[in-house]
Structures are given as C-alpha cells and as structure tokens.
Amino acid sequence: MYKQLLRPLFFQFDPEKIHHFTFSLIKSTSKIPGIPSLFKSLYVIEDERLERELFGLKFKNPVGLAAGFDKNAVLYNELANFGFGFIEIGTVTPKGQAGNPKKRLFRLKDDKGIINRMGFNNEGLEAAISQLKKNKGKLIIGGNIGKNTQTKPEDYTKDYLECFNALHPYVDYFVLNVSCPNVGSHAKLNDKDYLEELIAAVQKANNTFNVQKPILLKIAPDLNNNQLDEIVDLVKETNLDGVIASNTSTDRSHLKASKERLEEIGNGGLSGQPIKDKSTSVIKYLSEKSNKSFPIIGVGGIHSANDALEKIEAGADLVQIYTGFIYEGPSLIKQINKAILKSI
Ligand SMILES: Cc1cc2nc3c(=O)[nH]c(=O)nc-3n(C[C@H](O)[C@H](O)[C@H](O)COP(=O)(O)O)c2cc1C
C-alpha cells in the first residue's frame with residue numbers, strides 16, 4: 001500500500017514539507033484507539049532469534065532507524081510500532097538551531113537517493129530532553145550528538161560534553177557524529193588527534209556516572225583506506241564501544257540524475273541506494289582490518305532485505321535505515337527481520 005498509494009502521493013510534494021506532514025500523520029493516527037495495535041500487528045516481528053546483545057544492551061531485533069529522521073525525539077514512541085529494534089534520535093546540538101536555508105532536501109527518484117544539507121536543524125538539548133522524559137521504554141534509544149554550527153573550534157568538545165552529560169540519563173547509547181558533510185568544520189573532526197581528545201573527554205564524563213553508556217563514532221563513507229586504518233587504531237586505542245558506518249556521501253559519481261539537476265541541487269550529503277556499496281565496503285574494511293574486534297552498525301543504502309544481509313555479511317552487527325524507509329516504506333523493517341530469520 002505504501003509504494004502503490006502513499007509514496008506516489010507524498011512524492012508530489014516538497015520533501016521537507018512531507019517529512020513534517022508524515023510526522024503529524026503518524027502522531028495523530030497513533031492516538032486513535034486500535035491504530036498502534038494495528039501497526040504492531042502489521043509490522044512487528046517478535047522472535048528471540050532476532051535479539052542481539054551488544055555493548056551491554058539487549059536489542060529486540062537488529063534493524064534500527066538511523067539518525068536525522070527523529071531529530072527532536074518527538075516520534076520514537078510511535079515509530080516503535082513499525083518494528084524497529086532501536087531508534088537513534090538527533091543529531092542534537094546544545095542550542096536549537098535553524099539549520100541551512102531552505103530548500104535543503106532533494107529526492108533523486110531515479111537513483112532512489114536523497115541529497116540533504118539540512119545542517120543540524122534541531123530544537124536543541126532541552127527540547128529533546130523534555131521529549132525523552134515521555135519515553136514509554138519500548139525500545140533502545142540512541143542519542144546522536146553534535147556541535148552547534150556557530151561554535152568555535154576550541155569549544156567543539158564543550159558542545160559534545162554538554163549534550164552527553166545532559167542526555168546521559170535518557171538514552172541507552174551515544175553516537176559522536178563527526179561526519180556530517182553539511183556543517184563545515186570537517187578538517188578538525190577528521191583529525192585523529194582531535195578525535196582522541198574528544199573521545200577521552202567524553203569517556204571521562206561517562207565515568208562520573210554510576211552507569212556507563214556505550215559510545216560510538218559515526219563516520220563518513222568517503223574515507224580512504226589510510227583514514228579507515230586510523231579509525232581502527234583510534235577505536236582500539238581509546239576502547240571505543242563501536243562505529244556507525246556510514247553517514248551521507250559527498251561523492252556524485254555513477255548517478256542517473258543529470259549533471260544539470262545535480263548542479264541545481266548543489267552541496268549536500270547523498271544517501272540511499274547510490275551509497276550502498278560504498279558504505280558496505282567501509283564496513284568490510286573495518287571489520288577485516290580490526291579482526292572484528294569492535295561492533296559495527298551498518299547503514300547506507302539499505303532498500304531491501306538483501307541489502308541488509310549484505311551489510312551483515314560484511315561485518316555489521318546491527319543495521320539502520322533512513323532513505324530506504326522513505327522509498328520502500330515501513331514494511332522494509334519486517335522484510336529484513338524475516339530474511340534474517342530465514343538465513344539462520
Ligand atoms: C534528511 C537526512 C537527514 C539526516 N540527518 C542526520 C543527522 O542529523 N545525524 C546523523 O548522524 N545522520 C543524519 N543523516 C544520515 C543518516 O542517518 C544515514 O547515516 C545516511 O542517510 C545513510 O543511510 P541511508 O542510505 O539509509 O539513508 C541524515 C540523512 C538524511 C537523508
């Protein structure tokens with residue numbers, strides 16, 4: 001029904017407007033008695049064989065919603081009824097910020113891709129916390145954190161720490177997002193020495209709490225092998241809990257979209273089917289180079305059960321979807337979980 005009816009209708013409209021519209025639609029329909037159970041009966045698979053235990057957390061199944069969809073943590077309770085095993089909120093920054101000027105979100109229909117330069121638009125830490133206080137505890141919630149665009153390089157760590165400390169009681173794991181291509185400041189966030197310093201600072205803060213939360217690093221799919229070697233060393237040296245591979249890409253090769261269309265769209269991070277192989281290669285490289293010594297969450301271009309199995313085969317312990325959720329609809333989650341069960 002999604003691909004035949006809703007998607008053709010939704011795709012007639014501006015992508016960002018439709019994003020907000022579907023949020024309101026899911027939020028309001030979920031208030032109607034019987035609808036949450038209907039969604040659950042359609043989309044949720046409960047099976048012990050799908051459960052995964054990773055960095056001390058028990059996931060109901062290995063299919064998660066990637067960061068950027070529920071940036072302000074307003075819909076995770078309702079989205080739990082679509083069959084996800086975990087949901088990552090954010091990227092949250094200390095202060096709310098508008099992000100880049102609109103238009104900043106574009107569909108590449110023929111490529112089954114999206115280009116976005118949202119620029120960490122979010123309502124800020126306080127707003128996210130007030131939403132997270134409404135957590136009905138159905139799922140594992142990840143907190144993806146970043147820095148405000150206006151923050152000076154010498155204060156980056158302060159921003160991450162502010163988010164980390166304030167969100168600590170409310171999320172199950174953390175993701176240091178250092179790979180968004182839309183917020184500038186890339187050089188520093190790609191520098192191994194700085195990342196070491198950032199991770200150490202966040203880990204120190206983690207140790208001040210009674211219970212420590214897992215900390216993961218989210219990386220770009222555009223890193224070369226030398227940079228990936230550095231990531232492997234970094235994870236080993238810092239004892240980081242895991243890596244999310246990958247964020248969106250700045251690469252525009254092998255797209256069906258015309259040069260003119262791409263020029264018209266301009267800068268931004270590419271997601272969806274066109275980055276599938278790139279992100280799978282990154283997962284495979286990390287997994288092999290590290291002798292599978294740390295957990296990897298695989299994300300990037302999963303539009304089918306097979307795409308997810310490919311990521312798992314490459315070394316991913318869990319997977320996440322974003323663009324595939326937009327193009328294929330909520331049944332994708334169930335399809336992936338069913339295929340995982342079949343592959344056992
Ligand atoms: C519109 C949009 C906004 C996103 N915002 C964020 C974000 O705020 N933080 C983040 O870590 N990743 C963000 N992402 C990246 C996704 O979490 C994911 O890593 C990437 O899109 C690749 O997965 P996909 O091909 O399944 O979409 C965003 C992606 C899209 C399409």
Side-chain angles (χ1 to χ4, degrees), residues 14-20 22-23 63-73 84 86-93 96-100 102-108 111-124 128 142-149 160 163 173-183 189 216-222 243-251 265 267-280 282-283 296-304 307-308 310-311 316 318-329 332-333 336:
D14 173 74
E16 194 167 342
K17 286 197 177 127
I18 277 298
H19 181 79
H20 294 302
T22 41
F23 257 57
V63 186
L65 178 65
F69 190 83
D70 192 9
K71 281 181 190 280
N72 300 305
F84 289 112
F86 61 111
I87 287 174
E88 197 170 301
I89 61 108
T91 297
V92 177
T93 57
Q97 58 180 31
N100 288 320
K102 292 174 184 170
K103 289 183 165 186
R104 53 192 182 177
L105 181 60
F106 308 87
R107 298 183 195 102
L108 301 183
D111 293 289
K112 284 199 167 182
I114 288 177
I115 290 179
N116 92 82
R117 54 167 171 278
M118 304 301 286
F120 285 179
N121 58 310
N122 79 108
E123 287 168 19
N144 182 307
I145 57 177
K147 56 160 204 74
N148 278 112
T149 307
Y160 282 94
C163 292
Y173 71 87
F174 279 96
V175 180
L176 306 177
N177 185 7
V178 294
S179 50
C180 176
N182 303 314
V183 287
L189 293 179
L216 289 84
L217 190 72
K218 184 161 179 180
I219 63 167
D222 302 323
V243 169
I244 302 195
S246 68
N247 214 315
T248 55
S249 171
T250 53
D251 188 9
I265 291 173
N267 291 340
L270 174 67
S271 61
Q273 214 159 60
I275 69 163
K276 183 189 75 150
D277 292 341
K278 221 174 195 227
S279 93
T280 307
V282 168
I283 294 162
I296 299 171
I297 301 185
V299 49
I302 298 177
H303 285 245
S304 71
D307 298 342
E310 243 176 64
K311 292 267 190 287
L318 305 171
V319 295
Q320 290 179 323
I321 58 171
Y322 186 142
T323 307
F325 188 49
I326 310 284
Y327 276 86
E328 314 303 329
L332 176 61
I333 307 144
I336 297 172

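Order of listing sets the numbers, starting from 1, for every ligand and every atom in it. Numbering starts at 1 and runs along the sequence shown. Bear in mind that the values here come from a model prediction, so they are computed numbers and not experimental data.
- Each of the following atoms of ligand 1 lies closer than 4.0 Å to a heavy atom of Val299: 18 (C), 19 (O), 22 (C), 23 (O).
- In this structure, the protein non-hydrogen atom closest to atom 26 (O) of ligand 1 is Tyr322 N, 3.1 Å.
- Using a distance-only test at 3.5 Å, with no hydrogens or angles considered, a donor-acceptor pair links the side chain of Arg117 to the main chain of Ile265.
- For Lys218 and Ser246, the side-chain atoms include no donor-acceptor pair closer than 3.5 Å.
- Regarding atom 20 (C) of ligand 1, its nearest protein heavy-atom neighbour is Thr248 CG2, 3.9 Å.
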Query - Test log, rule ring pair (Phe, Tyr, Trp, His ring centres under 6.0 Å), inputs Phe23 and Phe69 - result: CA-CA 10 Å; Phe23 257 57; Phe69 190 83; 5.4 Å; yes
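- Residue, atom and distance of the protein heavy atom nearest to atom 13 (C) of ligand 1 are Ala67 O, 3.2 Å.
- A salt bridge links Glu16 with Arg104; the closest basic N to acidic carboxylate O contact falls under 4.0 Å.
- In terms of protein heavy atoms, atom 21 (O) of ligand 1 is closest to Ser271 CB, 3.2 Å.
- Of the possible donor and acceptor atoms, none in the side chain of Asp111 sits under 3.5 Å from a partner among the backbone N and O of Gly113.
- Residue contact check: Gly68 has heavy atoms under 4.0 Å from atoms 4 (C), 5 (N), 6 (C), 7 (C), 8 (O) of ligand 1.
- Under a 3.5 Å cut-off, the side chain of Asn122 and the backbone N or O of Thr93 do form a donor-acceptor pair.
- When hydrogens are left out, the protein atom nearest atom 27 (O) of ligand 1 is Thr323 OG1, 2.5 Å; that is the closest non-hydrogen contact.
- Of the protein's heavy atoms, Lys71 NZ, 2.9 Å lies nearest to atom 8 (O) of ligand 1.
- The side chain of Leu105, and not its backbone, has at least one atom closer than 4.0 Å to an atom of ligand 1 (non-hydrogen atoms only; side chain from C-beta on).
- Residues Phe174 and Ile145 are in side-chain contact: their nearest non-hydrogen atoms beyond the backbone lie under 4.5 Å apart.
- Taking each of Gln320, Lys276, Lys218 in turn, the one with a heavy atom nearest to atom 18 (C) of ligand 1 proves to be Lys218.
- Counting only non-hydrogen atoms, the option in Ala220, Ala66, Ser246, Gly142 that gets closest to atom 19 (O) of ligand 1 is Ser246.
- Numbered from 1 in the order shown, with element, the atoms of ligand 1 that lie under 4.0 Å from a heavy atom of Asn177 read 9 (N), 10 (C), 11 (O).
- Remark: Asp14 does not engage Lys102 in a salt bridge, criterion side-chain N to carboxylate O under 4.0 Å.
- When only interatomic distances are considered, the shortest N/O to N/O separation between Gly301 and ligand 1 falls below 3.5 Å.
- Residue contact annotation: Cys180 has no non-hydrogen atom under 4.0 Å from ligand 1.
- By the neighbour-count criterion of 12 heavy atoms within 6.0 Å, atom CD of Glu123 is sparsely surrounded, having that number or fewer from other residues, nucleotides or ligands.
- Counting heavy atoms from C-beta outward, Phe86 and Val63 have side chains that stay 4.5 Å or more apart.
- Taking every non-hydrogen atom of Asn144 and a distance limit under 4.0 Å, the qualifying atoms of ligand 1 come out as 10 (C), 11 (O).
- Selection from Asp307, Asn247, Thr91 by nearest heavy atom to atom 15 (C) of ligand 1 gives Asn247.
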